[in-house]
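One structure below.
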Amino acid sequence: MNESSLNELFSTLPLGDIRYFDSIGSTNDEALAWANKGAHDLSLIIADEQTMGRGRLGRPWFTPPGTALAFSLILRPTADEKPHLSRLVGLAALAITESLQKMGLSPQIKWPNDVLLNQRKVAGVLIELAWSGEDVVCVVIGIGVNILKGAVPSTDILRFPGTSLEDMLGYPVERENVLRDILSALIALRPQLSTDEFMNKWEETLAYHGKQVKVDMAGQTLVGLLEGIIPDGSLRLRDEHGNSVTVQFGDVRLRPYA
Ligand code: BT5
């Protein structure tokens, strides 16, 4: 991978500028800095290796060289998109699931930001915002996908079992093609962000939909039936007393409840 091959490969996509790094701390950090310096809408940062890749709440995300996709896409949200920024995690996760479906796989979204194959995490999404005073000027969509077996960290450091596309397909795939498919899907889905159709697609792809789950959040544990997602992207559960409960983004850990 290099900047000129990526520019050529993505010449038919309406991207902003592209920056490629052999090694970087975190593509999201670079993207946030670039966003604050005026990066265009749909500018892309991609790295072969991340040495300080981040998940939510400062958790580590591992991107060993030559094995994974790690990239950040900068969006300049329009006035129509701004009321729906909390749906962007769904937009990114759906773009990933659509690209994996094209390979004949059956991905699911583990709310809020994980993509699973066969109950194992193959990809994660990290959304971060660049502010100007009270206004969000840019959104950085960070995406990590395990392409080859070597991308998956050892089980003792994982909070949830991991996998790669190579593990699931039985053969290696070209990460540039996966990247192109994710970007195309995201660009195609973006105009639907405010629609019910988008929410339906998001809900249909949810892992544990209609099943009992356990949610750990800030010292509290909740068991309930996963009913769906409400318009702001929060999760809707039915608890053991029959009450409807909303789980918002934050320090949340979702698990199947056997
Ligand atoms: C995420 O956070 O899943 C978001 C991951 C986003 C990574 C992208 S890569 C490009 C961009 N630049 C960045 O610096 N980040 C974004 P979270 O749900 O908090 O999951 C983090 C947890 O996933 C860790 O605590 C590990 O247990 C696990 N993990 C780390 N690396 C993994 C990997 N390669 N595959 C599967 N699980 C992993």
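In each ligand, atom 1 is the first atom listed, and ligand 1 is the first ligand listed.
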Distance under 4.0 Å to a non-hydrogen atom of Asp114: what atoms of ligand 1 satisfy this? 3 (O), 18 (O)

Counting heavy atoms only, which part of Ile143 comes closer than 4.0 Å to ligand 1: side chain, backbone, both or neither? backbone

Among protein heavy atoms, which lies nearest atom 10 (C) of ligand 1, and at what distance? Thr27 OG1, 3.1 Å

Taking only heavy atoms of Gly53 into account, list the atoms of ligand 1 that are under 4.0 Å away from them. 14 (O)

Heavy atom of the protein closest to atom 29 (N) of ligand 1 (residue, atom name, distance): Leu158 CD2, 3.6 Å

protein heavy-atom neighbour closest to atom 18 (O) of ligand 1 works out as Asn113 ND2, 3.1 Å

May I ask which of Gln50, Arg54, Arg59, Arg253 has a heavy atom nearer to atom 12 (N) of ligand 1 than the others do? Gln50

I'd like to know if Arg190 and Asp41 make a salt bridge, using a cut-off of under 4.0 Å between side-chain N and carboxylate O. yes

Numbered in order shown, the ligand 1 atoms found under 4.0 Å of a heavy atom of Ala151 are 34 (N)

Nearest protein heavy-atom contact for atom 31 (N) of ligand 1: which residue, which atom, what distance? Phe62 N, 3.0 Å

Determine whether the side chains of Ser132 and Asp135 contain a donor N or O and an acceptor N or O closer than 3.5 Å. no

May I ask you to decide if Thr63's main-chain N or O and Thr67's side chain share a donor-acceptor pair within less than 3.5 Å? no

Sub-4.0 Å atoms of ligand 1 with respect to non-hydrogen atoms of Phe71: 10 (C)

Using a strict 4.0 Å threshold on nitrogen-to-oxygen distance, state whether Asp216 and Arg255 make a salt bridge. no

How close do Ser86 and Asp232 get, counting heavy atoms only, and between which atoms? OG-O, 2.7 Å

What is the closest protein heavy atom to atom 3 (O) of ligand 1, and at what distance does it sit? Lys121 NZ, 2.7 Å

Numbered in order shown, the ligand 1 atoms found under 4.0 Å of a heavy atom of Pro153 are 31 (N), 32 (C), 33 (C), 34 (N), 35 (N)

Are Ile157 and ligand 1 in contact, using a heavy-atom cut-off of under 4.0 Å? yes

For the residue pair Ser26 and Met52, what are the closest heavy atoms and their distance? CB-O, 3.6 Å

Enumerate the atoms of ligand 1 whose separation from the nearest heavy atom of Gly55 is less than 4.0 angstrom. 1 (C), 2 (O), 4 (C), 19 (O)

On a heavy-atom basis, the closest approach of Lys201 and Leu94 is O-CD2, 3.7 Å

Ligand 1 contact on Arg159 by region, counting heavy-atom pairs under 4.0 Å: both

Expected output: side-chain Arg54 to main-chain Thr27 donor-acceptor under 3.5 Å: no

Using heavy atoms and a 4.0 Å limit, tell me yes or no: is Val125 in contact with ligand 1? yes

Steps toward side chain to side chain contact (heavy atoms under 4.5 Å, CB included) verdict (Met1, Ile46): CA-CA 9 Å; Met1 256 189 314; Ile46 171 153; 3.7 Å; yes

Within the 4.0 Å heavy-atom cut-off, what Asn146 brings close to ligand 1 is side chain

Starting from atom 30 (C) of ligand 1, what is the nearest protein heavy atom, named by residue and atom, and what distance separates them? Pro60 O, 3.3 Å

Assess the residue pair Ser154 and Asp156 against the criterion (side chain to side chain donor-acceptor pair (under 3.5 Å)); give the C-alpha distance rounded to whole Å, side-chain angles, the decisive distance to 0.1 Å, and a yes or no. CA-CA 6 Å; Ser154 68; Asp156 49 319; 2.5 Å; yes

For the pair Asp48 and Arg175, find out whether any cationic side-chain nitrogen is under 4.0 Å from an anionic carboxylate oxygen. yes

